[in-house]
**Student:** 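Sending over a structure as structure tokens; questions will come in a sec.
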Amino acid sequence: MDIDRIRGAIAQMKLNEKLALSGGGTVVSAVDRKNIGSVALTDELLPYAVKEPSFIALGCTFSETLCAKIGKARSVDAARSKKAFGGVVPCGLIMDPMRQDACEFFSEDPVLTAKLVKSYASAGVIGYVFTDALGQGRYVDRTVDSRALYELYLYPLIKAGKHAAALQLDGGYLNGKRVGASRTICDIVSSYIPEYAMIMTQYGDVTAEVGISGNGAYQLGADNAAKKRISHAVVNGEIFENKLNRAVERTLNTVVRTHEFYKKPFDRDEPTVNIVYDSSVLLENNGTLPLAVKPVYFGDANKFDDAAAYGLSPINDANKKRGGAKVFLITDYADGIPEATAAAVAESVSTGKTVVVICGGGATPLGFAKGADAVLYCPYCPTVYAVEKMLTEVSPRGRLPFTWCRSAASYPRNSERFAERGDFRYESVFNGYSLFNNFDRSEVMYPFGHGLDYAKYEITKFACTYDRLTVTVDFVVKNVGAYAGTALCQAYVTLDGDAVYGLSGRLAAFKRVALEATENAAVRMVIDLNDLSVYDERNNEFVAVGGKYRVDLGFSSFDIRESAELKAPIGSRVNAGLNRATAPSYFAYGKPFQPTAPEIEKLLRVPFIKKPDEHPELVPDANVVKKLLKKAEKTTPPRLLPSVRYKIKTTPTD
């Protein structure tokens, strides 16, 4: 059924039929008169779903190929279950890796996130629901400037949005407006998705005006009372029927496309790469790994499928056993490392070889692991067997898609610099590693892109060439160690001079290279300078900036091995918001980033929020939380329960 036929069918529908298709819920109702069948929306749209492997685990792989295989496998599973979508894919960024919900995002970098989102969503046989890029921060008022909005938050959606089958609007607040209820924000984000893609508001949001706001949004979880309010609003003229028609059109497109997918044969291609090894990141190793003898394991047996086979003992019992290397499998750290765990690790460090393995979720302060012989981060690790393989034989192949700091207070999202003006959070284009690379590095424990290997690598024959908007980087990477491994080669680009702030040390290209011991490989990476464009707010467009560029090549954002300069005679004068004269703090590289209130207000063109708005609707109802927690404890696998508990306790229930 093409778009003209769909619009023709809508023109013949009665109001109650339209409301049946747009009023909301978790199932799109059938319209018998038009032979339109019912379609179930995937359960993953509900706020308490947790998927394994997590998206942060996929981000650690830095692999577009692997993400595509996982995306296809999940979409096929959805098709076989006759769901409307293959699931949710986040196009937001990790802004605080120590939040429990950080595991729901790929990376803190917009370029890496865009590439992984695109590969994940474009490979499936059914389309994906994109959660918009403005989430993670529902409980504070946040303000971002125009460049940060487009170059960070919206960049993955801009680059990959054409692959979306639907867009789910966030329930948080940005610049004083609620994302899911703002016509302005809805218009901006919906402009980057196909015209047939559904737009859905956050589950449980029963505000009638939101139901058909913007370009026609479908309310996830809407009940009959909400549908009646929408009906009354249309009859009373509070909502124009053309907006209702637009919502019906998007929904009907989804219904028709879904039923067409049902008719196709599907081959579920299992990922050929072991996601555990490709996502695990070796943070520290003093030479102890790989181990020559089998270690003793301590951890929560409920969190591993094969705990009994390895004799997994509780962490509190670690001091009762002597001899051999001790491996601590830490899974309980959503609210920080328990004191008993920290004490057990400290005791082990003082008496013998100690390996700390952080299993699942995001980052956590690692002060408790000081002195450990090795630290391994495994965002997805269902078995002790996989851990043992990595500690004794297989080198972990993951790299950090975020900056691991000493504490949560180190991240801009948690800054209280302007607390005297209220609970105000200002976020600039300097966020994540772009902040730490250019300014104070003292709070960083492990930089973006970091990951050790049992092998050692060096780079030679480095050369850069420029042609129009393309930079070609050629080099040879060699394994100079005694073990096989996988090098993640990373190229970062900096625009010299004062033309634009923030275009400094940005990830531009990356490539995984598997090498046997003593093997080398010639590598070519191509950088499109359009991918490093800055947002020109005067003309409302992205512009590639001309000038002298520096290309840095290495194995993390801090570990740079080679550099080259080249001149790109492109672009024009860009209105990037501030220059060195009006905002020296934005150009004070190498020092702490301390923008002043006048600088920020010049950039925003509005005063700070003097007093934070209170949002009681964002506080989950205690009775609802109690019921959902009780249900979750009966139905959720133990390994996923901490993440589900966190989501239940922090998701608005309005």
Side-chain angles (χ1 to χ4, degrees), residues 1 21 24-30 36-58 64-92 103-106 116-132 157 160-169 193-194 196-203 218-221 250-272 275 380 382 635-637 640 643-644 647:
M1 182 181 286
L21 286 169
T26 53
V27 176
V28 176
S29 304
I36 299 171
S38 174
V39 170
L41 303 178
T42 172
D43 293 339
E44 292 176 37
L45 294 175
L46 302 182
Y48 314 119
V50 175
K51 199 73 172 177
E52 284 191 316
S54 64
F55 286 104
I56 201 172
L58 295 179
E64 296 168 76
T65 301
L66 181 56
C67 283
K69 290 181 178 180
I70 295 291
K72 181 179 180 181
R74 288 178 176 174
S75 67
V76 170
D77 288 344
R80 286 175 173 169
S81 302
K82 295 189 175 181
K83 300 291 186 181
F85 304 111
V88 174
V89 55
C91 54
C103 62
E104 299 173 22
F105 298 83
F106 283 109
L116 298 185
V117 168
K118 182 179 178 180
S119 61
Y120 183 97
S122 62
V125 294
I126 287 184
Y128 281 85
V129 177
F130 281 32
T131 51
D132 71 70
L157 182 63
K162 65 181 180 180
H163 299 288
L167 175 70
Q168 182 178 338
L169 295 174
I193 63 174
Y196 57 76
M198 286 184 69
I199 301 175
M200 295 178 284
T201 63
Q202 184 184 14
Y203 174 83
Y218 184 95
Q219 286 182 252
L220 288 173
R250 290 181 179 273
T251 302
L252 197 53
N253 261 297
T254 295
V255 173
V256 172
R257 286 164 56 84
T258 300
H259 282 288
E260 288 176 352
F261 281 131
Y262 289 170
K263 303 173 185 178
K264 296 181 178 181
F266 303 117
D267 293 323
R268 193 184 194 280
D269 223 0
E270 291 288 350
T272 58
I275 181 66
Y380 172 59
T635 59
T636 305
L640 303 180
S643 295
V644 173
K647 297 186 77 171

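Heads up: numbering here begins at 1 and tracks the sequence. Quick caveat, the model's predicted, so the values are computed rather than measured. Below, each value reflects all heavy atoms present in this structure, side chains not excepted, and no hydrogens, waters or symmetry copies.
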**Student:** Of all residues at least two apart in sequence or in a different chain, which pass the ring-ring contact (aromatic ring centres under 6.0 Å, His included) check with Tyr120?
**Tutor:** Phe55, Tyr128
**Student:** How close do Ser643 and Val50 get, counting heavy atoms only, and between which atoms?
**Tutor:** CB-CG2, 4.0 Å
**Student:** List the atom of Thr258, the atom of Ala84, and the distance in Å for their closest heavy-atom pair.
**Tutor:** OG1-O, 3.5 Å
**Student:** For the residue pair Ala68 and Ala123, what are the closest heavy atoms and their distance?
**Tutor:** O-CB, 3.4 Å
**Student:** For the side chain of Lys82 and the backbone of Ala40, is there at least one donor-acceptor N/O pair under 3.5 Å apart?
**Tutor:** no
**Student:** Would you check if Gln168 and Phe85 make a side-chain contact, meaning some heavy-atom pair closer than 4.5 Å?
**Tutor:** no
**Student:** Does some side-chain heavy atom of Ser122 sit less than 4.5 Å from a side-chain heavy atom of His163?
**Tutor:** yes
**Student:** Mind checking the OG-CZ spacing from Ser75 to Arg80? Nearest 0.5 Å is all I need.
**Tutor:** 10.0 Å
**Student:** Which atom pair, heavy atoms only, marks the closest approach of Ala78 to Gly86?
**Tutor:** CB-CA, 3.6 Å
**Student:** Just verifying a value: how many Å separate Phe106 CZ and Ile56 CD1, rounded to the nearest 0.5 Å?
**Tutor:** 11.0 Å
**Student:** Taking all non-hydrogen atoms of both residues, which atom of Pro194 and which atom of Gly161 are closest, and how far apart?
**Tutor:** CD-O, 3.3 Å
**Student:** With heavy-atom distances below 4.5 Å as the criterion, would you say the side chains of Glu64 and Leu116 are in contact?
**Tutor:** yes
**Student:** With sequence neighbours left out, write down each residue that passes salt bridge (Lys or Arg N to Asp or Glu O under 4.0 Å) with Lys118, or none if nothing qualifies.
**Tutor:** none
**Student:** Only counting residues at least two apart or in another chain, list the ones meeting side-chain contact (heavy atoms from CB on, under 4.5 Å) with Lys51.
**Tutor:** Glu44, Arg74
**Student:** Could you tell me the separation between the SG atom of Cys103 and the CG atom of Leu640, rounded to the nearest 0.5 Å?
**Tutor:** 9.5 Å
**Student:** Give me the atom names and distance for the closest heavy-atom approach of Glu104 to Pro90.
**Tutor:** O-CG, 2.9 Å
**Student:** Can you find a heavy atom in the side chain of Leu58 that is under 4.5 Å from one in the side chain of Ile275?
**Tutor:** yes
**Student:** Pick one: which of Asn253, Thr254, Ile193, Val255 meets side chain to side chain contact (heavy atoms under 4.5 Å, CB included) with Met198?
**Tutor:** Thr254
